[in-house]
There are 2 protein chains.
Amino acid sequence: MAIDLPTDPATEAWTLLSRIMMARKGHMLETAAAFELSPPQMWALRHLEPGTPLPMSALAELLHCDNSNVTGIVDRLESRGLVERRPAAHDRRVKHLIVTEAGARVREEVGARMNQPPPGFENLTPDEQRRLATLLRKVAG
Amino acid sequence: MAIDLPTDPATEAWTLLSRIMMARKGHMLETAAAFELSPPQMWALRHLEPGTPLPMSALAELLHCDNSNVTGIVDRLESRGLVERRPAAHDRRVKHLIVTEAGARVREEVGARMNQPPPGFENLTPDEQRRLATLLRKVAG
DNA sequence: TATTGTTATACTCTATAACTATA
DNA sequence: TATAGTTATAGAGTATAACAATA
């Protein structure tokens, strides 16, 4: 049913992690669709913290894509009134992105859905969930 | 630095899991690019097990996309000689996908790179890695 | 000269709707 | 009638190259 089998513990853990995430892809797409966002638009919105202006190029890095690509993604978010472009004071080549009030509301609801753990986590006791979180905290660094 | 903060253990674990996976996106894109595959083409190839024919529609479900979409993705894989279409015997509307020998080789190398655990897993002792795998096995169900 | 963001271009992904060939 | 896959179409994502404005 899913792509492959592991060998050593780290590889097995990583493979399982990938599999769990892959199984959540449908939920991700449904969440984006529920707010009429494309996946990249949703990621962009999630990366933009209200109150923290972010240069276009920084968003491009976070999205792992080219600057030219971000232009279009931001165009569409801006045309919906979810974000705004604002020339940076210190360097007028740079444009800062800021989330609007409407954008912050959508971002909040998107986050609430995306942070909802998939059903499989119910297979763990609260104590196991805590131990899992502790281990993953170390992996995340 | 990354998108949000959690509350209960399951949500925290899930958020960390998402963050670890997101941090690996660059590696995923590099892997696909190294073989001149688009991400969907790479996923498709990974889902196709050598020796196990898969109907187009089954691949569409695995990729969470429309049948019409799979047509183009498979067209491009087929034009590179990585997969083949073959009409199914029991129902001639169905087309089975089979990985060619060349496809199996690429698939193998892609898998080897994608299964490589990110650096963060070195932060765990072998025993912790085993315990992590055990917990994730329960989550994956 | 170098950098930020945009524009132009070309290709891929994506869904919807209409079509075909089977069933 | 219903289903599997294709085609047609339109919109969005993607990178590369060329460009404007700024540094």
Side-chain angles (χ1 to χ4, degrees), chain A residues 22 25-48 53-80 82-98, chain B residues 22 25-48 53-80 82-98:
Chain A
M22 202 152 38
K25 189 180 178 191
H27 179 261
M28 181 277 281
L29 293 173
E30 287 164 17
T31 302
F35 297 95
E36 294 180 280
L37 295 167
S38 70
Q41 287 167 20
M42 184 171 73
W43 302 132
L45 197 54
R46 293 207 76 193
H47 280 297
L48 291 168
L54 193 74
M56 302 275 291
S57 54
L59 182 56
E61 278 190 29
L62 289 168
L63 295 177
H64 298 280
C65 73
D66 194 82
N67 280 357
S68 63
N69 200 338
V70 173
T71 297
I73 293 168
V74 168
D75 279 350
R76 289 177 274 277
L77 288 173
E78 195 171 29
S79 76
R80 280 182 57 183
L82 302 179
V83 307
E84 280 178 19
R85 275 181 249 235
R86 173 193 298 233
H90 68 293
D91 182 342
R92 286 190 319 195
R93 291 172 303 181
V94 174
K95 289 180 188 166
H96 278 156
L97 299 173
I98 53 181
Chain B
M22 201 151 40
K25 191 183 177 188
H27 179 262
M28 181 276 281
L29 293 173
E30 286 163 18
T31 300
F35 297 94
E36 295 179 280
L37 296 167
S38 70
Q41 287 166 20
M42 182 171 72
W43 302 131
L45 196 54
R46 294 207 77 195
H47 280 298
L48 291 168
L54 193 74
M56 302 275 292
S57 54
L59 182 55
E61 277 189 29
L62 289 168
L63 295 177
H64 297 278
C65 74
D66 193 82
N67 280 358
S68 64
N69 202 338
V70 173
T71 296
I73 293 168
V74 168
D75 279 350
R76 288 177 275 277
L77 289 173
E78 194 170 31
S79 76
R80 281 183 56 184
L82 302 178
V83 308
E84 280 178 19
R85 275 181 250 234
R86 172 193 297 235
H90 68 292
D91 182 342
R92 287 190 320 197
R93 291 173 302 179
V94 175
K95 289 180 189 165
H96 278 155
L97 299 172
I98 54 181

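Numbers restart at 1 for each chain; the letters A, B, ... are given by sequence-line order, proteins then strands.
Considering only side-chain atoms of B:M56, the nucleotide from D:dT6, C:dT4, D:dT14 that sits closest is D:dT6. Here the side chain of A:V94 is nearest to one of C:dC13, C:dT4, D:dG5, namely C:dT4. Of all nucleotides listed (D:dG13, D:dG5, C:dG5), D:dG5 comes nearest to the side chain of B:P55.
In terms of phosphate contacts, A:S57 brings no side-chain nitrogen or oxygen within less than 4.0 Å of OP1 or OP2 of C:dT4. The phosphate of C:dG5 (OP1 or OP2) has no side-chain N or O of A:R85 nearer than 4.0 angstrom.
One atom, CD1 of A:I73, and another, P of D:dA12, lie 12 Å apart when rounded to the nearest Å. The nearest whole Å value for the distance from the CD atom in A:E61 to the P atom in D:dA15 is 13 Å. Distance, B:W43 CH2 to C:dT14 C1': 17 Å, rounded to whole Å. The interatomic distance linking A:L59 (CG) with C:dT6 (P) rounds to 11 Å, in whole Å. A:R80 has its CZ atom 14 Å from the C1' atom of D:dA12, to the nearest Å. Atom pair A:N67:CG and D:dA21:C1' shows a separation of 15 Å (rounding to whole Å applied). As rounded to whole Å, 12 Å separates atom C1' of D:dG13 from atom CG of B:N69. Distance, B:R92 CZ to D:dT6 P: 16 Å, rounded to whole Å.
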Could you go through residues 58-72 of chain A and list every donor-acceptor pair under 3.5 Å that involves a side-chain atom there, pairing it with any protein atom two or more places apart or in another chain?
residue: A:D66; atom: OD2; partner: A:S68; partner atom: N; Å: 2.9
residue: A:D66; atom: OD2; partner: A:S68; partner atom: OG; Å: 2.8

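Both B:Q41 and A:D75 lie near DNA chain C, and the one whose nearest nucleotide falls closer to the 5' end is A:D75. DNA chain D is contacted by both A:H90 and A:R76; A:R76 maps to the nucleotide lying nearer its 5′ end (nearest heavy atom per residue).
Residue-level contact check: B:S38 touches the backbone only, with heavy atoms under 4.0 Å from sugar-phosphate atoms and none from bases. Within 4.0 Å of A:S68, counting heavy atoms only, lies at least one base atom of the nucleic acid. The residue B:D91 sits close only to the backbone: its heavy atoms come under 4.0 Å of sugar-phosphate atoms, none of a base.
Considering only heavy atoms from C-beta on, A:P55 comes within 4.5 Å of A:H96 through its side chain.
Side-chain atoms of A:R93 and base atoms of C:dT3 include a donor and an acceptor less than 3.5 Å apart.
At a non-hydrogen distance threshold of 4.0 Å, nothing from residues 27-35 of chain A comes into contact with DNA chain C.
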